[in-house]
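The structure under discussion appears below in the form of structure tokens.
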There are 2 protein chains.
Amino acid sequence: MDAQTPRGSASRPNVYDVARRAGVSIATVSRVHRGNGPVASETRARVQAAMDELGWSPSVPAQALAGDNHNAVALVFPELVGRYYSEVLRGFEAEAVRRQQAVLILAAHQRKDNDAMVRDLAGRVDGMVIMDRTIADGTAADVQRRGVPVLLLARPSIEDVPAVRVAGADPTRELTTHLLDHGPRRLVFVGDPELSPDVAERWRAFGDAHAVAGLARPTSPVATGGYQQHDGREVALAVLDTDGDARPDGLVCANDQLALGAYQAAARLGLSIPDDLAVTGWDDDPFAAHMDPPLTTVNQPMYDLGACAAELLFERLDGDVVGDVTLTASFVVRSSCGCVEGASR
Amino acid sequence: MDAQTPRGSASRPNVYDVARRAGVSIATVSRVHRGNGPVASETRARVQAAMDELGWSPSVPAQALAGDNHNAVALVFPELVGRYYSEVLRGFEAEAVRRQQAVLILAAHQRKDNDAMVRDLAGRVDGMVIMDRTIADGTAADVQRRGVPVLLLARPSIEDVPAVRVAGADPTRELTTHLLDHGPRRLVFVGDPELSPDVAERWRAFGDAHAVAGLARPTSPVATGGYQQHDGREVALAVLDTDGDARPDGLVCANDQLALGAYQAAARLGLSIPDDLAVTGWDDDPFAAHMDPPLTTVNQPMYDLGACAAELLFERLDGDVVGDVTLTASFVVRSSCGCVEGASR
DNA sequence: TTGTATGCGTTATCAC
DNA sequence: GTGATAACGCATACAA
């Protein structure tokens, strides 16, 4: 027999095996294992010994089937590129294992059959957190109607489905105003409001800041179609491919990866940051402080976002009714915006 | 009734409901659903309609229990900080969903009860990939003996448990020799061989390169106790806190995050990179090329590593016997090592 | 304190 | 082609 194809010395032991060995019924085995019902300490010891000797552990699917409960939760996100998602996931996972729950994940990518996969996922967990616009709007409510509590992350809540998010309007206004105050006048917003409610909110605040400054509201963002470095690079190359006064002198990027792409584009075009072009990001990646030049960005509590979502989800699973939660982000001035005075690391 | 506490219009429908509605037996329902056994096309249509109307989908735990198969796989890793892990996870997840398998994850952190959690995980999946030294050496073999095929990642294979990894010795020798050839003589290896077989391999190659250059083999690395930015910063601050000829003039870091920490330390101590201190990383984070100065590092195929591990795991689940796989990494010269000529972005 | 019996929702093996 | 029916492994109401 092939060594890599294990077969167990005789398939896994079950409750009956343990019960027989301990000379009790399966009900008693279940009781000592779950630590509920009453059981004589002497019996308990005998059963415990039998379990140990056989190396028994309960079948997860059987438990789930009988107990109608999975001891598992899921996180659904759009993609997995970049620190933002990995930090959210990290917070979510940490909180889940703290409660001894298994963690399932699903990256939606840009697949079209996401709703089907999400529904499948829903059959494997007790509750799930859904980020952004990863699935059709109705699906979340639908999943929940099927008995699986849902929590939304980085998007507004909908009927009966609470959400946790980071308020992006204030920092965006602060950032935009700061930029406008220090020179750049032809700012371009790099990011795709269609892809994420968070970014849509920032796009609006970006316009508001222009209005407050008495400037014309930019008519449309530069849609990137994604939030990765190469998206930022391509868009920046396209938008900067102009001479003279028409060329943008500031790129307000929806995340640090897009900003990184902008750095690439600027280097390729021989443009200096921040002299020829101001660039700002969002997320405050640890590397941002040591870029050339250090990147002005916005720090948002990504880990907390994931942990908080998990926490609220568990509260719901415990039967509590939870409300929306909004966390705050803070503007971090460095030097890529052209303002040297307040620069910090 | 509380709106957030869903209850389903009457709990989920099951095969019996579908069967009754279609006027057939549950066996037939199962047949049309699984698309195996013979069934009259007219009957099939009727059953299909009933399934659609009721919105039925099979209970995952029930399927797992009856079919002895989870349609799920797991990835266990030490932590989730940094691009390395998130990229490996990304590759793993992508390959898994491509095969319509659910993905479970577990970050071991530095918990002591990892083995227990891994065993629990093993009860939820058909196979699992384990990274590094996240669990006691015997546990992997043990899990596999219980019938769950295991694949090792970023560590050597053990009896009957194949592994996929990146060869780190060559790039390390290349990097170290490059450094030694261009000035720095008092190199320090920053990283913890105890924590990861990959790093242990590089530590050995680091010594080999010294020997080949006719230099004394460094006696011990600077153990970091972790691979995060702050680990690198603290260790660098400690090791650089010396004046004159005793101070190291080169830090060979086990990953880019540690190198980032070294940048922080250098800045704090007023040391210039690369003039006073050469620094190299590992992983080639996208930000590395745009750091100040651009970071010399080693590019390794992290996404592929995860995808490949998943692929091999699935081959094993399909009954194939698989061998070890070794991917290659490549040295990327930029300017943090003090060598300007070959610098690239 | 312990045991019996039934349900959980599938799949699959038989008969018919 | 189709339908009973027996697993699968555990939890629990109910008896004893």
Side-chain angles (χ1 to χ4, degrees), chain A residues 8 10-48 50-51 54-72 119-120 122-124 126 146-148, chain B residues 8 10-48 50-51 54-72 119-120 122-124 126 146-148:
Chain A
S11 73
R12 280 180 53 173
N14 60 22
V15 263
Y16 291 96
D17 298 323
V18 177
R20 190 177 328 116
R21 180 166 197 120
V24 298
S25 76
I26 62 167
T28 300
V29 172
S30 183
R31 276 192 282 262
V32 341
H33 163 245
R34 302 187 61 88
N36 50 14
V39 45
S41 63
E42 187 201 334
T43 316
R44 176 190 314 285
R46 233 174 41 248
V47 173
Q48 192 59 255
M51 299 194 315
L54 266 46
W56 174 82
S57 66
S59 151
V60 176
Q63 273 186 312
L65 184 55
D68 190 32
N69 159 287
H70 299 270
N71 286 316
R119 275 179 233 273
D120 173 85
R124 302 172 171 273
D126 301 320
R146 277 161 149 44
V148 178
Chain B
S11 74
R12 280 181 54 172
N14 59 21
V15 263
Y16 291 95
D17 298 323
V18 177
R20 191 177 326 118
R21 181 166 194 120
V24 298
S25 75
I26 62 168
T28 300
V29 173
S30 183
R31 275 191 283 262
V32 341
H33 164 242
R34 301 190 61 91
N36 49 12
V39 47
S41 64
E42 188 201 334
T43 317
R44 177 190 313 284
R46 235 175 37 248
V47 173
Q48 191 59 256
M51 298 195 316
L54 268 46
W56 174 83
S57 67
S59 151
V60 176
Q63 273 186 313
L65 183 56
D68 191 31
N69 158 288
H70 299 271
N71 287 313
R119 274 179 233 275
D120 173 85
R124 302 171 171 273
D126 301 321
R146 276 161 151 40
V148 178

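Just so you know, these numbers come straight off a predicted model, no measurement behind them. Reminder, nothing fancy here: chain letters follow the sequence lines and each chain counts from 1.
- A 4.5 Å side-chain heavy-atom check between A:Val18 and A:His33 finds every atom pair outside the cut-off.
- Within the nucleic acid shown, A:Thr28 comes within 4.0 Å of sugar-phosphate atoms alone, with no base atom in reach, counting heavy atoms only.
- Of the side-chain N and O atoms in A:Ser59, none sit less than 4.0 angstrom from OP1 or OP2 of D:dG9.
- When all heavy atoms are compared, the tightest approach of A:Ala64 to A:His70 is CB-ND1, 4.2 Å.
- Using a 4.5 Å cut-off on side-chain heavy atoms (C-beta onward), B:Trp56 and B:Val15 make contact.
- A salt bridge does not link B:Asp17 to B:Arg21: none of the charged nitrogens lies less than 4.0 Å from a carboxylate oxygen.
- For A:Thr43, whose side chain is taken as the heavy atoms from C-beta onward, the closest listed nucleotide among C:dT4, D:dC8, C:dT1 is C:dT1.
- Across D:dC8, C:dT10, C:dT1, the shortest atom-to-atom separation from the side chain of B:Leu65 is found for D:dC8.
- Counting only heavy atoms from C-beta on, A:Ser25 has its side chain closest to C:dT4 among D:dT2, D:dA11, C:dT4.
- In this model, the phosphate group of C:dT11 is approached by a side-chain N or O of B:His33 to a distance below 4.0 Å at OP1 or OP2.
- The residue B:Ala27 sits close to a base: some heavy atom pair falls under 4.0 Å.
- In this structure, of C:dT11, D:dG9, D:dG1, it is C:dT11 that holds the atom nearest to the side chain of B:Ser30.
- Two residues are said to be in side-chain contact when any heavy atoms from C-beta on lie closer than 4.5 Å; A:Val32 and A:Met51 meet this criterion.
- Backbone-only contact: B:Val24 has heavy atoms under 4.0 Å from sugar-phosphate atoms and none from a base.
- Taking every side-chain heavy atom of A:Pro58 into account, D:dC10 is the closest of D:dG3, D:dG9, D:dC10.
- Remark: C1' of D:dG9 and CE of A:Met51 are 15 Å apart, rounded to the nearest angstrom.
- Picking from C:dG9, D:dT5, D:dG9 the nucleotide with the shortest atom distance to the side chain of B:Ile26 gives D:dT5.
- Atom CH2 of A:Trp56 and atom P of D:dG9 are 12 Å apart (whole Å).
- A:Val39 comes within 4.0 angstrom of the backbone, heavy atoms only, and of no base.
- As rounded to whole Å, 20 Å separates atom P of C:dG9 from atom CG of B:Asp68.
- Straight-line distance from the CG atom of B:Asn71 to the C1' atom of C:dT11: 13 Å, rounded to whole Å.
- For A:Gln63, a side-chain nitrogen or oxygen approaches OP1 or OP2 of D:dA11 to under 4.0 Å.
- Positionally, the nearest nucleotide of DNA chain C for B:Ser57 lies more toward the 5' end than for the other of B:Ser57 and B:Arg31.
- Across all strands, B:Pro38 comes closer than 4.0 Å to base atoms (heavy-atom distances).
- Between A:Arg34 and D:dT12 there is a side-chain N or O to OP1 or OP2 distance below 4.0 Å.
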